[in-house]
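Here the structure comes first, spelled out in structure tokens, and everything after it is commentary.
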There are 2 protein chains.
Amino acid sequence: MPAPAQEQKFQRRKEERPAEIMAAGLRIFANKGFAAARLEEVAEAAGVSKATIYLYFDSKADLFAAIVREIATPRFDEMERLLDTYDGPSADLLNFMIGKLKEIATGTELPALAKIILAESSNFPEIREFYRDHVILRGFANLSRVIERGIARGEFRECNVEAAAQEIIFPILMNTLARNTFGELPFFDPDGFFTAHAEFVARGLAADREA
Amino acid sequence: MPAPAQEQKFQRRKEERPAEIMAAGLRIFANKGFAAARLEEVAEAAGVSKATIYLYFDSKADLFAAIVREIATPRFDEMERLLDTYDGPSADLLNFMIGKLKEIATGTELPALAKIILAESSNFPEIREFYRDHVILRGFANLSRVIERGIARGEFRECNVEAAAQEIIFPILMNTLARNTFGELPFFDPDGFFTAHAEFVARGLAADREA
DNA sequence: GTCTATATAACGATAGAC
DNA sequence: GTCTATCGTTATATAGAC
């Protein structure tokens, strides 16, 4: 007699697979880092076989890159859309950017992936290069645009634009990494920090008042 | 007859050993990270046996902690000596501190060790706790003292002191880590950056001029 | 029946154990 | 220093959709 109501061995779900694999990969990478994450485990968490991963991604590094892109791209797109259309005060634009960066820092796993880049990219140059081109450079390009816009409009002082961009993003990133590493020490309290950071940046960039 | 001018199989050099082992350990840790560094290799680089390491250090983590302490302690001592005695403008004191931090960031391996803490301390809580207590908290305590001093003297504005301390140190640390990770991208040029950073911090902290 | 998404199983490099 | 287990990767078999 035939096996009653047998389970299917697998289902074909071409559309959903990549997203499911990326979601599983994100969890595993964020928890274990790049080298220690096993594709077997990713496959299991995604409910597919290891080989299926290779149908959609060329390699482990390619999967990692796809995950980074998935998180970063829509946020940058949104930023750039605003940068292209906004025409109010640069200080407001900057505050919007900082809010967006806060959201990325506290609401996505991108900082965990950044940590992986810091920690392991010497062993895996491919992921470092991808991250540099698609996150670092693109992020800094956007910040630089805001700063240059403010300078051009006389709202911000003349300054080293590259350095100023670092002043905006580095405290946010490092505060996030610190909390991620040392736990929620009162010292690193994010709410107070982000408010103070916005104020600090605004003062650091403000044009001198004419006497 | 006595063996003529025999070479000694080993030499007792109780005084020098710890420093030599720490120097070797620093190189290996900085290159490979904590988990991947093998004490066998440290021993070889220091010209001693693995057992000798255990004569002077309780464990791998203890060796790591000793190295961190060796680098950090004299710098903090010097900072604190100045903080105890200086009585000029707080802006100058802050510039001195930033110069000192730049020196630590660019002239020591402490950033490489900080990277290890970020990357691996979830697997090795002992080294995280040591680093937190002897580097993070002590460093922030000193920065906070400078900021509070400036506020008390009316040179700096009232602000979130913890956040301000992060504004001072995080860009320095992160710029260093970024150069360490991505190589010497022109974007992260340290000379321009440190100059701009000092200016940025000074403006961010400056008391409002009374109208 | 054909096409292809998916699983199973094998391969080769490499790191870790003894 | 050798052996072995593990894991990224690839080749082949099979099952599901149309």
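Chain identifiers are assigned alphabetically (A, B, ...) following the order of the sequence lines, protein sequences preceding nucleic acid strands; residue numbering begins at 1 within each chain. All values below come from the heavy atoms of this structure, side chains included, with hydrogens, waters and symmetry mates left out.
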Which residues share a salt bridge (charged side-chain N to carboxylate O under 4.0 Å, His left out) with [X], sequence neighbours left out:
X	value
Arg132(A)	none
Asp58(B)	none
Lys50(A)	Glu40(A)
Arg12(A)	none

Donor-acceptor pairs under 3.5 Å, side chain of residues 162-173 of chain B to any protein atom, not counting sequence neighbours: which ones?
from: Gln166(B); atom 1: OE1; to: Asn175(A); atom 2: ND2; distance (Å): 2.6
from: Gln166(B); atom 1: NE2; to: Phe187(A); atom 2: O; distance (Å): 3.1
from: Gln166(B); atom 1: NE2; to: Glu162(B); atom 2: O; distance (Å): 3.4
from: Glu167(B); atom 1: OE1; to: His197(A); atom 2: ND1; distance (Å): 3.2
from: Glu167(B); atom 1: OE2; to: His197(A); atom 2: ND1; distance (Å): 2.5

*Any donor and acceptor pair, going by atom type alone, linking the side chain of Lys60(B) with main-chain N or O of Ala35(B) inside 3.5 Å?*
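Side chain of Lys60(B) to backbone of Ala35(B): a pair is present.
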With distance as the sole test, does Lys115(A) use its side chain to make a donor-acceptor pair with the main-chain N or O of Leu118(B) at under 3.5 Å?
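Side chain of Lys115(A) to backbone of Leu118(B), a donor-acceptor pair under 3.5 Å: yes, one is there.
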(Q) Among residues at least two apart in sequence or on other chains, which ones pass side-chain contact (heavy atoms from CB on, under 4.5 Å) with Ala66(B)? (A)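 Partners of Ala66(B) under the side-chain contact (heavy atoms from CB on, under 4.5 Å) test: Met22(B), Phe57(B).
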Which residues share a side-chain contact (heavy atoms from CB on, under 4.5 Å) with Thr73(B), sequence neighbours left out: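 Per chain and number, Thr73(B) pairs via side-chain contact (heavy atoms from CB on, under 4.5 Å) with Arg69(B), Asp77(B), Arg138(B).
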Task: DNA chain D: 5'-proximal contact among Arg38(A) and Gln11(A) (nearest heavy atom) - done: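 Its nearest nucleotide being more 5', the pick is Arg38(A).
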Exercise. Earliest and latest nucleotide of DNA chain C, 5' to 3', sitting under 4.0 Å from a non-hydrogen atom of chain A?
Worked result: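 Extent of the interface on DNA chain C: dT4(C) to dT8(C).
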Any carboxylate oxygen within less than 4.0 angstrom of a Lys/Arg side-chain nitrogen, looking at Arg17(A) and Glu20(A)?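 Counted as a salt bridge, because a side-chain N and a carboxylate O are separated by less than 4.0 Å.
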* Test ring pair (Phe, Tyr, Trp, His ring centres under 6.0 Å) applied to Phe34(B) - qualifying residues, sequence neighbours left out ->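 Counting only residues at least two positions away or on another chain, Phe34(B) forms a ring pair (Phe, Tyr, Trp, His ring centres under 6.0 Å) with Phe29(B), Phe64(B), Phe124(B).
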*asked:* What is the separation between atom CD on Glu40(A) and atom P on dT9(D), rounded to the nearest whole Å?
replied: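 Those two atoms, CD and P, are 14 Å apart.
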Checklist line | Residues in contact with DNA chain D, drawn from residues 43-57 of chain A - heavy-atom cutoff 4.0 Å | finding: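 Listed by number, they are Lys50(A), Ala51(A), Tyr54(A).
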Q) Of all of residues 12-21 of chain A, which get a heavy atom below 4.0 angstrom from DNA chain C, listed by number? A)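 Per residue number, the list reads Arg12(A), Arg13(A), Lys14(A), Arg17(A).
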Just to be sure I understand the geometry, which residues of residues 116-133 of chain A put a non-hydrogen atom under 4.0 Å away from DNA chain C?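 Here the set is empty: none.
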inquiry  = Once rounded to the nearest 0.5 Å, what's the spacing between atom CD of Glu148(B) and atom CG of Leu143(B)?
reply    =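 Output value for this atom pair is 11.0 Å.
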Check: Base, sugar-phosphate, or nothing: which does Ala35(A) touch, judged by heavy atoms less than 4.0 Å apart?
Finding: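 Nothing, no nucleic acid heavy atom in range.
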